[in-house]
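In what follows, chains carry the letters A, B, and so on, assigned in the order in which the sequence lines appear, proteins first and then strands, with residues in each chain numbered from 1.
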Protein chains: 6
Amino acid sequence: MSAIPVPYSHLRSAVKAALREDLYAGDVTTAALFPQDFPAHARILAQEDLTVAGMEVARCVFTEIDSSISFNPRYTDSDVVQTGSVLLILKGSARSLLMGERVALNFLQHLSGIATLTTRFCQAVGGYTTKILDTRKTTPGLRMLEKWAVRLGGGLNHRSSLGDGILIKDNHLDLLQSRGITLTQACRTAREQGPHGLRVCVEIRSLDQVRQALEGKADVILLDNMGPLLVRQAAAMVKGHAVLEVSGGVTLENVREMASAGADFISIGALTHSAPAVDINMEFFIPPNPKQKTPPRAA
Amino acid sequence: MSAIPVPYSHLRSAVKAALREDLYAGDVTTAALFPQDFPAHARILAQEDLTVAGMEVARCVFTEIDSSISFNPRYTDSDVVQTGSVLLILKGSARSLLMGERVALNFLQHLSGIATLTTRFCQAVGGYTTKILDTRKTTPGLRMLEKWAVRLGGGLNHRSSLGDGILIKDNHLDLLQSRGITLTQACRTAREQGPHGLRVCVEIRSLDQVRQALEGKADVILLDNMGPLLVRQAAAMVKGHAVLEVSGGVTLENVREMASAGADFISIGALTHSAPAVDINMEFFIPPNPKQKTPPRAA
Amino acid sequence: MSAIPVPYSHLRSAVKAALREDLYAGDVTTAALFPQDFPAHARILAQEDLTVAGMEVARCVFTEIDSSISFNPRYTDSDVVQTGSVLLILKGSARSLLMGERVALNFLQHLSGIATLTTRFCQAVGGYTTKILDTRKTTPGLRMLEKWAVRLGGGLNHRSSLGDGILIKDNHLDLLQSRGITLTQACRTAREQGPHGLRVCVEIRSLDQVRQALEGKADVILLDNMGPLLVRQAAAMVKGHAVLEVSGGVTLENVREMASAGADFISIGALTHSAPAVDINMEFFIPPNPKQKTPPRAA
Amino acid sequence: MSAIPVPYSHLRSAVKAALREDLYAGDVTTAALFPQDFPAHARILAQEDLTVAGMEVARCVFTEIDSSISFNPRYTDSDVVQTGSVLLILKGSARSLLMGERVALNFLQHLSGIATLTTRFCQAVGGYTTKILDTRKTTPGLRMLEKWAVRLGGGLNHRSSLGDGILIKDNHLDLLQSRGITLTQACRTAREQGPHGLRVCVEIRSLDQVRQALEGKADVILLDNMGPLLVRQAAAMVKGHAVLEVSGGVTLENVREMASAGADFISIGALTHSAPAVDINMEFFIPPNPKQKTPPRAA
Amino acid sequence: MSAIPVPYSHLRSAVKAALREDLYAGDVTTAALFPQDFPAHARILAQEDLTVAGMEVARCVFTEIDSSISFNPRYTDSDVVQTGSVLLILKGSARSLLMGERVALNFLQHLSGIATLTTRFCQAVGGYTTKILDTRKTTPGLRMLEKWAVRLGGGLNHRSSLGDGILIKDNHLDLLQSRGITLTQACRTAREQGPHGLRVCVEIRSLDQVRQALEGKADVILLDNMGPLLVRQAAAMVKGHAVLEVSGGVTLENVREMASAGADFISIGALTHSAPAVDINMEFFIPPNPKQKTPPRAA
Amino acid sequence: MSAIPVPYSHLRSAVKAALREDLYAGDVTTAALFPQDFPAHARILAQEDLTVAGMEVARCVFTEIDSSISFNPRYTDSDVVQTGSVLLILKGSARSLLMGERVALNFLQHLSGIATLTTRFCQAVGGYTTKILDTRKTTPGLRMLEKWAVRLGGGLNHRSSLGDGILIKDNHLDLLQSRGITLTQACRTAREQGPHGLRVCVEIRSLDQVRQALEGKADVILLDNMGPLLVRQAAAMVKGHAVLEVSGGVTLENVREMASAGADFISIGALTHSAPAVDINMEFFIPPNPKQKTPPRAA
């Protein structure tokens, strides 16, 4: 039902930080070679198949540098495009376009890289109701933008911080066990002490722990690093009593098997911590003639 | 001669931003399950071979959360370690350790990922004097930390911003050419108008442009997306008159060939925009006995 | 089980903001009347019965101004104290003590005001398992500190932001209804589209809506502005199938009746938006003699 | 003569801080239930008699979230309105209106609470020239906005910080006395050492101190916690030689008596530290018909 | 009576801003030439006679860069020293000392320049009770530090902002006059409408205006750009009824004449807007022998 | 070829910082004397011959305070104007104009002071190709704006930070020498270890050092505090092999002699650390008649 809200304030502060990094002392090359009023046309192109993420960020980059730049997107965030597609057309001072090029591309390449990888995982589980989730394994400082890119790619978001989800992990359980506190008891304590609006999720490494979690009335059972066979067995135990999430060692190769085994959700750290940048570049062009201002949508 | 200076102020602000992301509303799970005074020992382990980068960042993460945590590194930044190595030992409140775990690991995994990939490229050109450089294709907000990780991995840094290097790129040249300004003229203008402490670097796509650049007395000639054969020819033309840099399409497979062809520097965007996170995790342990406080350096 | 974690980073930034407000241009009175090395002893006293909240904030205020001030608390946060109790003893430069006085008292009076009112509500439902909750009706900029004060007073926290709880309110329902979407459907959509770690809470204004919410498998049913009789009827319908929360028009007079009617949670906006400041002041004193440095704990 | 200037920069930073608190991780409920383009009309209503304060803040809240919201105030800051009055009409995306609702109301309820209480005190001294002042007992972080609300309610402002007023308080005097420095001498030192543009104010607890203050040529004499009888006597002594201010223990019940006793100014901490939030809410409505877009000004 | 309080928070933020400017991308020269553990001794010397201002700022600069630097001041702020005096001795990593050198000297030279010029003006009016004041003509961003330097040089401070002083200037009067409002009326309005803790100061350009100001009961009369003769006449009129301040066109040559003419205060914009930097430099040295760690106080 | 790019982000943050300094607590005088809707016309005038710098800063000051002010510049940055010239015409609320006056003038006077002094140095070397450079001896916090003012005055910029230039100074050489490292070796190490895009500059105090520097293949040789005769001799040695820069003790009197001696660049600290503010003021005026809205360009 819902389109995807842009996290504007995170977006603006990330753009400002990135511009500060790159333009702290101005752009000495461009200042040496071009006067302020040298006009230019540029297009930004996808150099591989990808899911678009970051168009609003790119707009913010160029607007922040020079509000007189004309910014004409040909696609919107979450579109899936093919190699050679013109993502957007820019018109303005050559100096301003050159000053914004790298920062805009860095955002587009990073966020579209995440969205593209997410789309591939979503396609891999096509036909199942299983949903693809991210994790908190994000790049420091870019979490909200990266989680937005995951949604643009078709995924959903896991916790955005330690404050908006109860998740009892193996490290918690190991420590509690050293004091004689069981997984079942931990689930009950979390239910009582934790915020009443949050579900209790617990990370599980064996079928016996699944049983304990169900006894502790956990809402979500997260199977960590278990093979498809165990996932299937756990799903049979859990069915109807809790939500089943799978995590750890999930790849494009095995994700479909996990879905078929009964996972409601599959969470994948690599979406945000290891998605390679996709190839997007900017090039100048001479507009063909006054009447036809923009090139066709896909080259 | 020089050890690698830690960019402290960038480090501290990046850590604060990352902690704000993760702990904005506290850690509800840990608060529900552990009292403040529950003591614990934890170790952080390399789960694959890697070059360490980010130990000082991890220290800053835990110190910022709880200054009473004892932080004992077993390796230092730039060390090359093997799977299973214990990178550091932590002792303190379980709550504080759990609150810092993810943020510390996010930094360690990301920065060590960059350092490790850099080390691989450096090893691949072993025996040649060729040096490996990064680019400005960095993650927005983390540029100075990522460039530091490149140095820890054995590489050197290209420009840190548009203000500390003159680099005439193909986009500049295309625009200038549309006004009848040649590459040779552009080099001369940059020399005259640009800051006198910066060398003039120019990006080249053909041997004829190499000739023009030499005529314009460019200090650094950057060959963009040229094969080893052309690099070798360019090197012969340039030798002694300028520094030769190679960029574009360089992989672990072909980097040695580029070095052998005569490149003084090879700059690689993937070092920072596509290095996958390396696998590092944290686990709690029970110290063996009062006398032997720390486990052996490699498990 | 858990002590209450202090939200350190919120605390420090709130203290810095408050000191900036008061000391932007220094303290002209104190600078005119006292040299820097004029020593003094001061005590901070409760002038009415109250629950202490903000001692760590007060410490941060004085430390930020002058790290040489000796700060000796006689009580800790969450203690319930009587009129005349000495909360803390300070020793240091008169100038520094006078510069910090107002800001420290402003925090102590405001946060202890919230904690004290919370304690009164908790006492009023003594004997029932009903828990007292705050709301998002907080003072702009102080939310995390105010919610911490609520916990110090014995209450629990509702959502800390719009991102860490699904709560379908009457305004949502009114709008959806205009499009023909029922409360039951809204609950189901929220379950499907909302983050999987969050429970679905829905605000209810009639018993018929309670039925719809149960049909939509809402996890938490929030009765808004309903009298004790209706609460009792709702409790009978809900029992075992959802958590029951009561809100709206709850006072110290009627809160016990709401608890007895079967509310699991009672959320009260006044805890944070209308708690009057409690009376706390600072006075200088002459230490009785060198051997007895601090006065007795309660005057 | 003067209208009341809005403290814009304080306003904007307070709004941004409050939005960050509430929308750090977005609005998960609204994102789950409404598409971005779901249009709505809402009105904000006074649920009790009050003095309006914060309309410009509310505008800033909604504009910051979504600049396409149409914001139509029916009253302006400092207006005194009755229960049921429609303060403003909003039109825009339902999502955006719901995201801004709580933050806008938190500001309006808090600031109008202060303005309303101030108005009551001003009305209570009606007919006298006595003026109502605030103090520095403000909510940390909101001082300038709260002092603005006091002016909107008809009061005037005391010091905005320790740098813009000389005020010798009882604590100063106690300490100085321990070194044999009298109140009269303190006044003279303050006059000599303090900034020459500031008046010397001194806090007084007895008629004898009034005499000393006059001897020290204090410009303002502040009677602290003295009953109406003593105020009257002090007024007789002071008349024509200094300004007379009264503070401490002033309530709506006794404020008129203080005015009649001769106070030029009465400063009241409760205006800012204990004014209860007034009841203001937001509700959606269906505009009656295309021609009559807004409901009548008072319901 | 009062020593001069250091504006710590302004100091720290100014130092951080200055370090960010100079060290944003590290110190490439020092990193290339020195390892981190290269030890060095340095001294900072006055190369002309001057009043010291900024020692605490310099300490903050070096501490911020490297907390292991040993910082030994030989003089303190407000000391008057002669050419060749060693102001402070530093010991630590050569790299850290070189990284802090320029920023520390920039602060010391600028602030000592202001203090030194202030001292000269104070000496020029020696024997009179006239006090030297600064103005709001300060360097943007450094106001509080510059005003502190004025105090260190022996001067006093005028308004620190438009909020802590009522000053009716010629521009105000010109505008009011166009509406038929006289200087006398303006003084009265300011008294009534302005904060009651502030004196009313008014800028005067003729003896007739002095009369009007006295009639309006102005507290401070500021003679703008009037010669000594007129100042003397004004002083005669004002004596005992108001404070007399002189401003505009005051130089080291004529300041004594202004004092002798009866000015209570003389305010001088040049103290902060045009004080030339004094000559201070840093040099490395080899400590003579282990026993005598520091060179004599004046070379 | 290039016009001079305005450093917008530095500009905006500097303006905001300066406004915060001056308007933290509002403008009490103006608020007391003028209603918000009191209209006025003002002009800003050069009171001496000067090079204009800071018009865009002034625009930002007034716009930030009140976006309805009409701002009409009569000259642009880098224009050389004569005493009495009207730099700009303002129209808007008297209150807003008065609130912005001082901050706008502080920027204009400071930056135009720098530009004017730079212009004088540039004029003094007229006819030679020698270029005038600034240094890092800038006012803390204003470096990028001051360096921009130097360009507006006709000069060029030296390093903007320690990260964008290799400059081996006497302090570096002294320390290295204590370890037996020669100037020649230092140049070579810097070339190898330093960023490959930066030239190696070395500070020289004797002709023998010039020889060593040339042997070390330094790109830029900076003669520090050497007389014209030695400069001429050094120029003869260096010619064609390196760029020659002169620094130290350069004044308007001797700068031409340095140019004639063969300096390619002359760097002058006084441009930024000791340029006196130029005299610029603001005055209100009554527009002559409706048809002629603006006074003639030069009075």
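Counting heavy-atom pairs closer than 4.5 Å to chain E, the top-ranked of the candidates F:Val103, F:Leu105, F:Thr138 is F:Thr138. With chain F as the partner, the residue from E:Val28, E:Leu198, E:Leu19 showing the most heavy-atom pairs under 4.5 Å is E:Val28. The greatest number of non-hydrogen atom pairs below 4.5 Å with chain E, out of F:Ala17, F:Ala18, F:Gly141, is found for F:Gly141. Most heavy-atom pairs under 4.5 Å with chain E, from the set F:Gly26, F:Cys201, F:Gly194: that is F:Gly26. Interface check for chain F: of the options E:Leu145, E:Asp27, E:Thr139, the most heavy-atom pairs under 4.5 Å are formed by E:Asp27.
Put simply, the side chain of F:Thr189 never gets that close to the backbone of E:Leu33: no donor and acceptor are under 3.5 Å apart. A donor-acceptor contact shorter than 3.5 Å is absent between the side chain of E:Asp22 and the backbone of F:Pro140. At least one donor-acceptor pair under 3.5 Å links the side chain of E:Glu21 to the backbone N or O of F:Leu142.
For a residue to count as touching a neighbouring chain, one of its non-hydrogen atoms must lie under 4.5 Å from one of that chain's; by this rule E:Arg179 touches chain F with the side chain only. In this structure, chain F has no heavy atom under 4.5 Å from any part of E:Glu192. Proximity to chain E is absent for every atom of F:Gln185, based on heavy atoms less than 4.5 angstrom apart.
Considering only residues two or more places apart in sequence or on other chains, E:Asp279 meets the salt bridge (charged side-chain N to carboxylate O under 4.0 Å, His left out) condition with none of them.
When all heavy atoms of F:Arg136 and E:Asn106 are compared, the pair lying nearest together is O-ND2, 2.9 Å. Nearest heavy-atom pair, F:Ala190 versus E:Ala32, reported as atom, atom and distance to 0.1 Å: CA-CB, 4.3 Å.
At a threshold of 4.5 Å between non-hydrogen side-chain atoms, the residues F:Thr29 and E:Arg159 count as touching. Considering only heavy atoms from C-beta on, F:Leu176 comes within 4.5 Å of E:Phe34 through its side chain.
Residues from residues 161-173 of chain E that place a non-hydrogen atom less than 4.5 Å from a non-hydrogen atom of chain F comprise E:Ser161, E:Leu162, E:Gly163, E:Gly165, E:Ile166, E:Leu167, E:Ile168, E:Asn171, E:His172, given in numerical order.
Note: E:Leu98 CG to F:Leu175 CG = 6.0 Å, rounded to the nearest 0.5 Å.
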In sequence, state the C-alpha distance, the side-chain angles, and the governing distance for E:Thr135 and F:Arg102, and then conclude on side chain to side chain contact (heavy atoms under 4.5 Å, CB included). CA-CA 10 Å; E:Thr135 65; F:Arg102 185 72 264 140; over 6 Å; no

